[in-house]
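Data first, discussion second: the structure below is written as C-alpha cells.
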Amino acid sequence: MEEIISRKISAISPSSTLAITARVKQMKQQGIDVVNLGAGEPDFDTPYYIKEEAKKAIDEGFTKYTPVSGIKELKEAIGRKFKKDNNLGYSCQEILISCGAKHAIFNAILTLCNEGDEVILPSPYWVSYREMIKIAGAKPVIIKTTYEDDFKISPQQLQEAITPKTKLLILNTPSNPTGMVYTKDELLSLSNILVEKGIFCLSDEVYEKIIYDGEKHVSIASLGSKIKELTIVVNGVSKSYSMTGWRIGYAGGPKKIIQAMSNLQSHSTSNPTSISQKAALAALEGCQKAVEGMVKDFRERRDYIVERINSLRKLFCVKPKGAFYVFANISALLGRRFKDKVINDALSFSQFLLEEAKVAVIPGNAFGDSSYIRISYATSLENLRKGMERIEMFLDKIS
Ligand code: PLP
C-alpha cells in the first residue's frame with residue numbers, strides 16, 4: 001500500500017519539546033504543581049493601548065481581507081521602524097507582513113531555496129529553521145558553536161562551510177536559545193564573505209528589543225548596500241510587545257524577493273489578520289515604555305537565574321546578552337544516575353527533572369545540542385526561585 005503521508009512531510013522530525021509540553025499539560029490537568037521554565041513567550045499581558053486599537057478595529061468593521069502583503073499604514077510604520085532602529089531604508093514594496101515571524105521565515109526559505117541547495121545553519125539553532133530547510137528540499141549544513149566561542153560562528157567556519165551549492169546563511173541575533181548577540185565587527189566579517197561569494201542571508205531579529213547591559217543590536221543588512229541586497233531581515237511584534245498570539249511578523253528585503261514571497265503567501269494564508277495588523281500598528285507607533293519595563297524585569301530575572309545556575313557547580317551557563325533564555329550545560333551529569341536510570345542526554349535529564357522535581361525545561365536536543373537545557377526566564381521571579389530550589393534538590397539526588 002502506498003504511504004499516506006508524503007515523503008516531504010514524513011521527513012519532518014517530531015519536535016523533541018512536544019513530549020515534555022504534552023506531559024506538563026497532563027500534569028497540570030491532574031492538579032500537579034509544575035513550575036514551567038519552558039515558555040517561549042513573554043509572560044506579560046499585551047499592553048492596554050494595543051488591545052484598545054484591536055477592539056476599535058472590530059467595532060469599526062475592519063474585519064475583511066486586506067492586501068495580501070499587509071495594509072499600507074502598517075508597512076509605512078514598519079518602514080519607519082527599520083529606519084529608526086536599524087538604519088535601513090525599505091519602501092512598502094520591499095516589506096511583507098506575514099502571520100508571525102515564523103511565517104515570514106517560512107516564506108523566505110521556500111522562496112529562495114531550490115531542491116538540493118545548501119543552507120548554512122549555526123547551531124544551537126531555533127528548532128524550526130532546520131525543518132523548514134528540509135521542507136524546501138534544501139540541505140541544512142550545520143556549523144557547531146560552543147560555550148568557549150560564545151556560541152558564535154567565526155568567519156573561518158563560514159568560509160569552510162561554503163560550497164558551490166550554498167544558497168543561504170541563517171543568522172539569529174539575539175539568539176534563541178543561547179542569548180548571544182553578534183557585534184557589528186563580527187557581522188561585518190561575516191558579511192564580507194557573503195558579499196564576496198554572493199550568498200543570501202536570512203537575519204532573524206525577533207529578539208532585537210530584548211537586549212541588556214548597553215549591548216547594541218545591529219542588523220547585518222545595515223552594513224552596506226551589497227549585503228542589504230542579499231539579506232532578508234525578519235522581525236515581528238510577538239516578543240517585543242508580548243503579542244505572540246496575534247501572529248504578526250514581517251520581512252524587509254530586495255523587492256524581487258519580497259514580491260515572490262508575497263506571491264507564495266497569496267496562495268497559502270493570504271493577508272495576516274486585519275485586526276492584528278491594526279494592533280501591530282499601535283504597538284510600533286505607540287509609546288515604547290512598556291517594552292522598556294519588560295526588559296527591565298527580564299534583566300533582573302536573568303541576573304538571578306545566571307548567578308543561581310553557576311552557583312550549583314553541576315550546571316553552568318554564559319550570561320545571556322539578549323532574549324529571555326539561559327542555555328545551561330549539563331555535561332557534568334551525563335552518564336550519571338538518577339535512581340536506577342542513566343542520564344544519557346538532555347532529553348532524559350529533562351524528563352527525570354519533570355517527573356521528580358516537577359520543573360519543565362526544554363532539552364537542548366531540540367536546538368541541536370543534547371548536552372544543554374534551555375531555561376526560560378519569561379516567568380516571575382517567584383516562579384524562578386521555586387524552580388531553582390527544586391532543581392537544586394533534584395541535582396542532590398543524582399549519583
Ligand atoms: N524566530 C525565533 C528565533 C523565535 O524564537 C521565534 C519564536 O519562538 C520566532 C522566530 C517566531 O516568532 P513569531 O511568534 O513572530 O512567529
Side-chain angles (χ1 to χ4, degrees), residues 36 39-86 88 90 92 95-105 174 176 204-211 217 233-252 262 265 269-301 322-324 376-383:
N36 190 357
E41 59 182 348
D43 52 319
F44 306 102
D45 194 8
T46 302
Y48 172 80
Y49 61 92
I50 298 174
K51 295 200 283 192
E52 284 306 301
E53 277 308 307
K55 288 181 199 164
K56 202 165 126 212
I58 296 174
D59 290 340
E60 289 176 355
F62 195 72
T63 53
K64 303 288 169 62
Y65 291 136
T66 76
V68 166
S69 61
I71 56 174
K72 189 161 174 279
E73 305 94 285
L74 181 54
K75 284 191 179 186
E76 285 168 349
I78 291 168
R80 284 191 288 278
K81 179 253 166 274
F82 272 133
K83 191 78 214 150
K84 180 167 144 275
D85 294 343
N86 313 111
L88 278 170
Y90 288 121
C92 285
I95 292 170
L96 169 68
I97 305 165
S98 301
C99 310
K102 186 181 264 185
H103 185 212
I105 296 166
N176 171 11
D204 180 348
E205 305 179 8
V206 295
Y207 293 98
E208 163 186 36
K209 304 253 178 212
I210 304 167
I211 194 159
H217 168 78
V233 180
V234 171
N235 211 321
V237 294
S238 287
K239 315 287 177 176
S240 312
Y241 301 95
S242 204
M243 291 178 70
T244 44
W246 298 75
R247 310 311 301 133
I248 296 289
Y250 52 87
S262 172
Q265 181 164 301
T269 59
S270 292
N271 62 275
T273 309
S274 57
I275 302 151
S276 295
Q277 290 190 64
K278 287 283 187 181
L281 182 60
L284 292 178
E285 300 276 271
C287 169
Q288 303 295 303
K289 277 257 175 313
V291 186
E292 287 167 28
M294 282 193 257
V295 174
K296 186 171 162 287
D297 284 358
F298 282 140
R299 186 189 306 117
E300 195 185 336
R301 298 167 182 184
F324 40 69
S376 162
Y377 50 92
T379 186
S380 68
L381 259 181
E382 191 192 338
N383 251 347

List the atom pairs, donor and acceptor, that lie under 3.5 Å between side-chain atoms in residues 44-53 and the rest of the protein, sequence neighbours left out.
residue	atom	partner	partner atom	Å
D45	OD1	K51	NZ	3.4
D45	OD2	K51	NZ	2.7
T46	OG1	S242	O	2.7
T46	OG1	W246	NE1	3.2
Y49	OH	C287	O	2.8
E52	OE2	K55	NZ	3.0

So do [Y] and [X] actually touch side chain to side chain, heavy atoms under 4.5 Å?
X: T244; Y: P42; result: yes
X: I97; Y: I78; result: yes
X: T66; Y: Q277; result: yes

Atom pair [atom1]/[atom2] of [X] and [Y] - distance to nearest 0.5 Å:
X: I105; Y: D204; atom1: CD1; atom2: CG; result: 4.0 Å
X: D297; Y: L381; atom1: CG; atom2: CG; result: 8.0 Å
X: L74; Y: E285; atom1: CG; atom2: CD; result: 8.5 Å
X: K72; Y: C92; atom1: NZ; atom2: SG; result: 6.0 Å
X: N235; Y: I95; atom1: CG; atom2: CD1; result: 11.5 Å

Flag if over 12 foreign heavy atoms under 6.0 Å of NZ, K209: yes
Steps toward side chain to side chain contact (heavy atoms under 4.5 Å, CB included) verdict (N86, H217): CA-CA 8 Å; N86 313 111; H217 168 78; 3.8 Å; yes
Salt bridge (charged side-chain N to carboxylate O under 4.0 Å, His left out) involving E208 - partner list, sequence neighbours excluded: K81
Verdict with supporting geometry, E292 and K296, salt bridge (Lys or Arg N to Asp or Glu O under 4.0 Å): CA-CA 6 Å; E292 287 167 28; K296 186 171 162 287; over 6 Å; no
Smallest separation among heavy atoms of S240 and V206, with atom names: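 Closest pair (atom of S240, atom of V206, distance): OG-O, 4.1 Å.
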Heavy-atom closest contact (L281 atom, A77 atom, distance):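 Nearest heavy atoms, L281 then A77: CD1-CB, 3.6 Å.
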Candidates S276, S98, C99 - the one meeting side chain to side chain contact (heavy atoms under 4.5 Å, CB included) with I248: S276
[X] (side chain) donor-acceptor with [Y] (main chain) under 3.5 angstrom:
X: E205; Y: V233; answer: no
X: R247; Y: P272; answer: no
X: S376; Y: A378; answer: yes

Donor + acceptor pair across side chains of S69, Q265 (<3.5 Å):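 There is no such pair (donor and acceptor under 3.5 Å, judged by atom type) between the side chains of S69 and Q265.
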Q288 side chain to Y241 side chain, donor-acceptor N/O pair below 3.5 angstrom: yes
Contact list for residues 53-86, test ring pair (Phe, Tyr, Trp, His ring centres under 6.0 Å), sequence neighbours left out: F82-Y90, F82-Y250
Stepwise side chain to side chain contact (heavy atoms under 4.5 Å, CB included) check, E73 with K278: CA-CA 9 Å; E73 305 94 285; K278 287 283 187 181; 3.5 Å; yes
From CA spacing to verdict: salt bridge (Lys or Arg N to Asp or Glu O under 4.0 Å), D43, R301: CA-CA 12 Å; D43 52 319; R301 298 167 182 184; 3.0 Å; yes
Ring center gap for F298 and F324 short of 6.0 angstrom: yes
